[in-house]
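A quick write-up on the structure given underneath.
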Amino acid sequence: MKNKVALITGITGQDGSYLAEFLLAKDYIVHGIIRRSSSFNTDRIDHLIADSKIMNNSLFLHYGDMTDGSRLVTLIKKIQPDEIYNLAAQSHVRVSFDEPEYTGDSVGIGTARLLEAVRIADVETRFYQASSSEMFGATPPPQSEETAFYPRSPYGAAKLYSYWMTRNYREAYGLFACNGILFNHESERRGETFVTRKIAIAAARIASGVQKDIYLGNLEAIRDWGYAPEYVEGMWMMLQHQKPDDYVLATNTGYTVRELAQFAFETVGLNYVDYVKKDERYVRPTEVDALIGDYSKAKRVLGWSPKTLTPELATKMVNFEMAKLKN
Ligand code: NAP
Ligand code: GDD
């Protein structure tokens, strides 16, 4: 049987790297779009690139950018993917307040460019859009597929545009297109400026005596933090179903940033109160106070459930940083 072909935008990111591993293990031919950079930006997939059995055999990388529509058309025509996972994004909410125009261009219009590239290239493909719980913004939890959207950042607004464009291409052109509305998911590969990884690194460094304290913004925000490798499997499950639809993936549990810090510091036998300091620079002009996802539709229709909950996730991430410091 012919191997399935997948195209991943954002393959160098946290989710892209796990998804590439997941699809390669399922015998997919995986193509990824990477950005030209003046320094190395492929650390999360370097182990795949270094493997000569994989690189240029079942994994192929192509330069491209979500702001370059003609390149997206060329790549889709050439690759003829069975499945496209659109994970590329300027994904940092705080940064989106500083760069609203670029965020809108890459996250919002970028998705329109990719959808239009599918149409122009006239390929038969399934399309996954990385939608976000940030789209719910100010609407109180629990949030499900039926909850009203109220984004609170340029990032959330751009993701909402992408969400609707994905639905529109499904309804207007019959494209097999799904929105995965994913709540926060973290891992040892999470970018270092997101709060879970920032706290995990700090707890390990403070316990090892190489850092004194950590500066954070709002400690009272509630998030629903799950484990990223489990979420990429959910993305794939959406595209295997007989019918395209939109699904929430979450853990249905909520903790404050303060509780997250408590779990992380407890892992190394410390009390977070002694080390966490406030810095207004990390406070957002508008905050999303509480996100807790109701994933019952994904469970019922796809058979997807999370396994790792926030306290265990925090411990896992801190232990990883401790092990790295010891090496
Ligand atoms: P991430 O680690 O920040 O990765 C983002 C990826 O997008 C990187 O590969 C990055 O490339 C690439 N990228 C950024 N701008 C681009 C552009 N203009 N053109 C092409 N590629 C570009 O994000 P993640 O955590 O893996 O999240 C994956 C997707 O899910 C994102 O769309 C994010 O917004 C969305 N999402 C994430 C979560 C979460 O909790 N993680 C929840 C809901 C939705 P470089 O490596 O070169 O920077
Ligand atoms: N990053 C960061 N840094 N966040 C902090 C800090 C800090 O020093 N101090 C407090 N926070 C709070 C933020 O205000 C927010 O309420 C919460 O910690 C989580 O922040 P992030 O880890 O930056 O994630 P996010 O929830 O804003 O966005 C992530 O999840 C979204 C899904 O809900 C990103 O991955 C988005 O791309 C994703 O769509």
Side-chain angles (χ1 to χ4, degrees), residues 8-20 32-37 39-45 63-68 71-72 85-96 102-103 105-107 109-111 113-114 128-137 143 151-153 155-156 158-159 162-163 179-187 189-199 202 214-228 231-232 235 248-250 255-258 260-261 276-284 286-291 293:
I8 305 176
T9 74
I11 194 169
T12 56
Q14 171 190 257
D15 291 4
S17 65
Y18 285 120
L19 181 65
I33 296 182
I34 59 169
R35 296 197 287 178
R36 193 271 155 181
S37 162
S39 52
F40 296 112
N41 63 350
T42 53
D43 330 359
R44 294 186 181 101
I45 53 167
Y63 285 111
D65 199 293
M66 297 308 288
T67 58
D68 181 352
R71 180 65 175 149
L72 297 176
Y85 295 86
N86 183 28
L87 309 185
Q90 187 305 88
S91 72
H92 204 283
V93 174
R94 178 66 194 85
V95 172
S96 79
Y102 173 69
T103 303
D105 191 7
S106 57
V107 175
I109 304 295
T111 303
R113 288 188 188 101
L114 192 61
Y128 173 84
Q129 171 57 24
S131 286
S132 166
S133 51
E134 270 290 307
M135 301 185 311
F136 297 122
Q143 293 102 353
R152 294 267 284 173
S153 65
Y155 169 83
K159 280 286 182 189
S162 298
Y163 166 91
N179 281 290
I181 308 175
L182 271 50
F183 284 62
N184 299 48
H185 46 280
E186 318 293 315
S187 73
R189 295 185 195 169
R190 186 57 142 152
E192 295 181 5
T193 60
F194 294 95
V195 82
T196 50
R197 186 83 195 282
K198 182 173 169 180
I199 291 174
I214 172 176
Y215 285 84
L216 294 174
N218 178 16
L219 296 183
E220 309 314 327
I222 295 170
R223 288 290 181 278
D224 177 333
W225 286 287
Y227 190 43
Y231 286 56
V232 302
M235 297 174 187
V248 161
L249 301 186
Y255 293 92
T256 59
V257 174
R258 182 185 296 286
L260 176 77
V276 171
K277 310 260 155 49
K278 175 103 182 199
D279 189 332
E280 292 297 327
R281 277 184 309 150
Y282 299 117
V283 175
R284 293 157 188 198
T286 40
E287 177 62 284
V288 169
D289 293 329
L291 294 173

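Numbering of ligands and ligand atoms starts at 1, following listing order.
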Worksheet, complete the sentence: Note: S91, heavy atoms under 4.0 Å from ligand 2, region reported as both
Practice prompt. Return yes or no for this condition: an N or O of G217 is under 3.5 Å from an N or O of ligand 2.
Written response: yes
Worksheet entry | Region of H92 engaging ligand 2 - heavy atom pairs below 4.0 Å | side chain
Worksheet entry | ligand 1 to G64 polar contact by distance, N or O atoms, under 3.5 Å | no
Discussion item. Pairs of nitrogen or oxygen atoms closer than 3.5 Å, one from S106 and one from ligand 1: do any exist?
Written reply: no
Discussion item. Looking at non-hydrogen atoms alone, which of S91, A130, G13 comes nearest to atom 23 (O) of ligand 1?
Written reply: S91
Practice prompt. Under the salt bridge (charged side-chain N to carboxylate O under 4.0 Å, His left out) rule, collect the residues that match up with E280, sequence neighbours excluded.
Written response: none
Practice prompt. Return yes when R189 approaches ligand 1 closer than 4.0 angstrom through a heavy atom, no otherwise.
Written response: no
Worksheet item: Backbone or side chain, does any N or O of Y102 fall under 3.5 Å from an N or O of ligand 1?
Response: yes
Worksheet, complete the sentence: F194 meets the ring pair (Phe, Tyr, Trp, His ring centres under 6.0 Å) criterion, sequence neighbours left out, with H92
Worksheet item: Any N or O of S132 that comes nearer than 3.5 Å to an N or O of ligand 1?
Response: no
Practice prompt. For atom 15 (N) of ligand 1, state which one of M235, R35, H92 supplies the nearest heavy atom.
Written response: R35
Fill in: Of the listed options R284, K198, E220, closest to atom 7 (C) of ligand 2 (non-hydrogen atoms)
K198
Discussion item. Evaluate S131 for polar contact with ligand 1, using N/O atom pairs at a separation under 3.5 Å.
Written reply: no
Fill in: Per atom 36 (N) of ligand 1, closest listed option by heavy atom (Y155, Y85, F183)
Y155
Discussion item. Below 3.5 Å, N or O to N or O, backbone or side chain included: is there any such pair between Y282 and ligand 2?
Written reply: no
Worksheet item: Which of the atoms in ligand 1, numbered in the order shown and given with their element, are less than 4.0 Å from a heavy-atom of L182?
Response: 42 (C), 43 (C)
Worksheet item: Quick check: does T196 get an N/O under 3.5 Å from an N/O on ligand 2?
Response: no
Discussion item. Does ligand 2 come near enough to Y155 that some N or O of the ligand is less than 3.5 Å from an N or O of the residue?
Written reply: yes
Worksheet item: Which part of R190 is near ligand 1, with near meaning a heavy atom under 4.0 Å away: side chain, backbone, both or neither?
Response: side chain
Response to the item:
Contact region, R223 to ligand 2, non-hydrogen atoms below 4.0 Å, reads side chain
Worksheet item: With a 4.0 Å heavy-atom cut-off (strictly under), which part of E134 contacts ligand 1: side chain, backbone, both or neither?
Response: neither
Fill in: Nearest non-hydrogen protein atom, atom 5 (C) of ligand 2
V195 CG2, 3.5 Å
Worksheet item: Between F194 and ligand 2, does any nitrogen or oxygen pair lie at a separation below 3.5 Å?
Response: no
Discussion item. Can you report which non-hydrogen protein atom sits closest to atom 29 (C) of ligand 2, along with the distance?
Written reply: N184 ND2, 3.6 Å
Worksheet item: Judging by distance only, is a nitrogen or oxygen of K159 under 3.5 angstrom from one on ligand 1?
Response: yes
Fill in: Top protein contact for atom 1 (N) of ligand 2, by heavy-atom distance
T193 O, 2.9 Å
Practice prompt. Scan side-chain atoms only and decide if S17 and R189 contain a donor-acceptor pair under the 3.5 Å cut-off.
Written response: yes
